[in-house]
S.K.: 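Questions regarding the structure given below will be posed in turn.
The basis for the numbers below is simple: all heavy atoms, side chains too, and nothing from hydrogens, waters or symmetry mates. Residue numbers start at 1 and run along the sequence shown.
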Amino acid sequence: MNKNKQFVITINRELGSGGRTVGRKLAEKLGVPFYDKAPNHVFEQKFHLSVDEIEKLKGRSHTWWTDFKRIVGIGEALNDAKYYVTNVGDEPELLATEEIFKVETEILKGLAEKDSCVIAGRSGFHVFRTHPNHLNILIQASIPFRVARVVREQELTPDEALQTIETVDKMRENYVNRYTGSSRYDAHNYSLVIAADGKTEDEIVDIIMKFIG
């Protein structure tokens, strides 16, 4: 990746690895915008669902679309309706099953078209795989490291933190596998894979900066 030309850096991370903080600090150091969960916030604004509700729905292997339609009141007869981010009107736009991933893809690409940026998101590695100037990064950590961080940040017990991590891991992998045909854990999808254990967020940022050159 050439940082002197318009670029996009994607940060895929495991819950509790500190990847979101790394992405934010990396963007600050590079002087570019940092985007985290941008597609979710679009859905939230349009359909008044919380980010947590959207995350839970999207992570289900087979039933999330049915549940989504039930919650937002989309009838079965409206299955062919399409949702486009650029549409403007008095009524909420409707989503068709096959369009969900396309909508997220267009949102992410639209962000990257404006200027160089750092994007945190589980499908970014796939969306920007053919981008002429991109860097895909995966940040991982051991379960004890992740549990300790989630306990500290979310004020959960260790058992609650472990259950949360396992649930989120499954939801994210289901989503990535279903819509990209790949695994978020496949190292072939990334130019750089970093283990967060024993490192601060600033140290990880320094590793990435040295890699970029």
Side-chain angles (χ1 to χ4, degrees), residues 1-27 29-30 32-40 55 58-62 64 98-113 116-146 149 165-199 201 203-213:
M1 190 198 85
N2 184 349
K3 65 181 179 182
N4 296 316
K5 295 182 179 180
Q6 187 168 324
F7 62 81
V8 57
I9 298 175
T10 69
I11 304 284
N12 204 339
R13 77 281 188 199
E14 293 181 314
L15 177 66
S17 68
R20 181 183 301 173
T21 302
V22 169
R24 176 178 55 78
K25 290 190 172 187
L26 177 64
K29 182 157 284 192
L30 290 168
V32 301
F34 172 61
Y35 299 110
D36 179 32
K37 294 187 177 182
N40 280 356
E55 286 287 322
K58 287 166 59 179
R60 295 175 184 168
S61 298
H62 304 294
W64 88 268
E98 67 277 6
E99 292 296 316
I100 286 287
F101 187 71
K102 292 180 182 178
V103 170
E104 291 192 316
T105 297
E106 291 307 312
I107 294 171
L108 294 177
K109 286 184 175 180
L111 294 174
E113 284 178 358
S116 295
C117 59
V118 177
I119 296 176
R122 56 190 177 223
S123 61
F125 73 85
H126 179 81
V127 172
F128 296 106
R129 66 193 184 282
T130 60
H131 190 283
N133 194 29
H134 76 281
L135 176 63
N136 291 335
I137 301 170
L138 173 64
I139 299 177
Q140 297 180 303
S142 67
I143 289 295
F145 181 98
R146 299 170 66 192
R149 187 181 180 95
I165 287 169
E166 290 175 343
T167 299
V168 171
D169 281 353
K170 183 176 180 181
M171 288 193 305
R172 289 178 176 175
E173 178 65 3
N174 282 341
Y175 182 79
V176 169
N177 183 262
R178 183 176 183 184
Y179 291 103
T180 73
S182 182
S183 169
R184 60 194 293 264
Y185 303 108
D186 187 346
H188 292 92
N189 293 319
Y190 308 97
S191 302
L192 184 62
V193 179
I194 301 174
D197 295 69
K199 305 177 185 69
E201 291 94 343
E203 288 171 340
I204 295 174
V205 170
D206 288 341
I207 291 172
I208 297 172
M209 292 297 293
K210 289 177 182 178
F211 183 84
I212 295 172

S.K.: Are any side-chain N or O atoms of K3 and backbone N or O atoms of G213, one a donor and one an acceptor, separated by less than 3.5 Å?
M.R.: yes
S.K.: Tell me the closest heavy-atom pair linking V193 and A187, and the distance in Å.
M.R.: CG2-CB, 4.3 Å
S.K.: Would you check, one step at a time, whether the test side-chain contact (heavy atoms from CB on, under 4.5 Å) holds for H134 with T10?
M.R.: CA-CA 8 Å; H134 76 281; T10 69; over 6 Å; no
S.K.: If we only count heavy atoms from C-beta on, is the I119 to F128 side-chain gap below 4.5 Å?
M.R.: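 They are in side-chain contact.
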S.K.: In Å, rounded to the nearest 0.5 Å, how long is the span from OG1 of T180 to CZ of R129?
M.R.: 8.5 Å
S.K.: Do N189 and L138 make a side-chain contact, defined as non-hydrogen atoms from C-beta onward lying under 4.5 Å apart?
M.R.: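 Not touching, per the 4.5 Å side-chain cut-off.
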S.K.: Of I139, V118, I137, which is the lone residue that meets side-chain contact (heavy atoms from CB on, under 4.5 Å) with V22?
M.R.: I139
S.K.: To check you understand the geometry: which heavy-atom pair defines the closest contact between S17 and A196, and what is its length?
M.R.: O-CB, 3.4 Å
S.K.: Carefully, step by step, assess V205 and E203 under the rule side-chain contact (heavy atoms from CB on, under 4.5 Å).
M.R.: CA-CA 5 Å; V205 170; E203 288 171 340; over 6 Å; no
S.K.: L135 and S191: which non-hydrogen atoms are nearest, and at how many Å?
M.R.: CD1-CB, 3.4 Å
S.K.: Between atom OG of S183 and atom CZ of R172, what is the distance when rounded to the nearest 0.5 Å?
M.R.: 13.5 Å
S.K.: K29 versus D206: any side-chain heavy-atom pair under 4.5 Å?
M.R.: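 Yes, side chains in contact.
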S.K.: What I'd like to find out is whether the side chain of V176 reaches to under 4.5 Å of the side chain of F125, using heavy atoms alone.
M.R.: yes
S.K.: Considering non-hydrogen atoms only, spot the tightest contact between K5 and N133 and give its length.
M.R.: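 It is O-ND2, 3.5 Å.
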S.K.: Distance check, rounded to the nearest 0.5 Å: L30 atom CG versus F7 atom CZ?
M.R.: 4.5 Å
S.K.: I'd like to know if the side chain of Y190 reaches the main chain of Y185, judged simply by a donor and an acceptor atom lying under 3.5 Å from each other, with no hydrogens or angles considered.
M.R.: no
S.K.: Ignoring hydrogens, what is the shortest heavy-atom contact between A27 and F34? Give both atom names and the distance.
M.R.: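 It is CB-CB, 3.6 Å.
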S.K.: Sequence neighbours excluded, which residues qualify as side-chain contact (heavy atoms from CB on, under 4.5 Å) partners of E166?
M.R.: L162
S.K.: Do any N or O atoms from the side chain of E14 and from the backbone of A141 form a donor-acceptor pair under 3.5 angstrom?
M.R.: yes
S.K.: Would you find a donor on one side and an acceptor on the other, under 3.5 Å apart, between the side chain of Q6 and the backbone of E113?
M.R.: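 Between the backbone of E113 and the side chain of Q6 there is a qualifying donor-acceptor contact (under 3.5 Å).
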S.K.: Is there a side-chain contact between Y35 and C117 (heavy atoms, below 4.5 Å)?
M.R.: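 Yes, side chains in contact.
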S.K.: N136 vs H126, test: side-chain contact (heavy atoms from CB on, under 4.5 Å). Steps then yes/no.
M.R.: CA-CA 9 Å; N136 291 335; H126 179 81; over 6 Å; no
S.K.: Report the C-alpha distance between R13 and D36 in whole Å, list the side-chain angles of each, state the deciding distance to 0.1 Å, and finish with yes or no for salt bridge (Lys or Arg N to Asp or Glu O under 4.0 Å).
M.R.: CA-CA 12 Å; R13 77 281 188 199; D36 179 32; 3.2 Å; yes
S.K.: Which distance, rounded to the nearest 0.5 Å, do you find between the CD1 of I207 and the CG of L26?
M.R.: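 If I round to the nearest 0.5 Å, the distance is 12.0 Å.
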S.K.: What heavy-atom pair brings I194 and I208 nearest, and what distance separates the two atoms?
M.R.: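 Reported closest heavy-atom pair: CD1-CG1, 3.7 Å.
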S.K.: Is there a side-chain contact (heavy atoms from CB on, under 4.5 Å) between D169 and R184? Walk through the geometry before answering.
M.R.: CA-CA 10 Å; D169 281 353; R184 60 194 293 264; 4.1 Å; yes
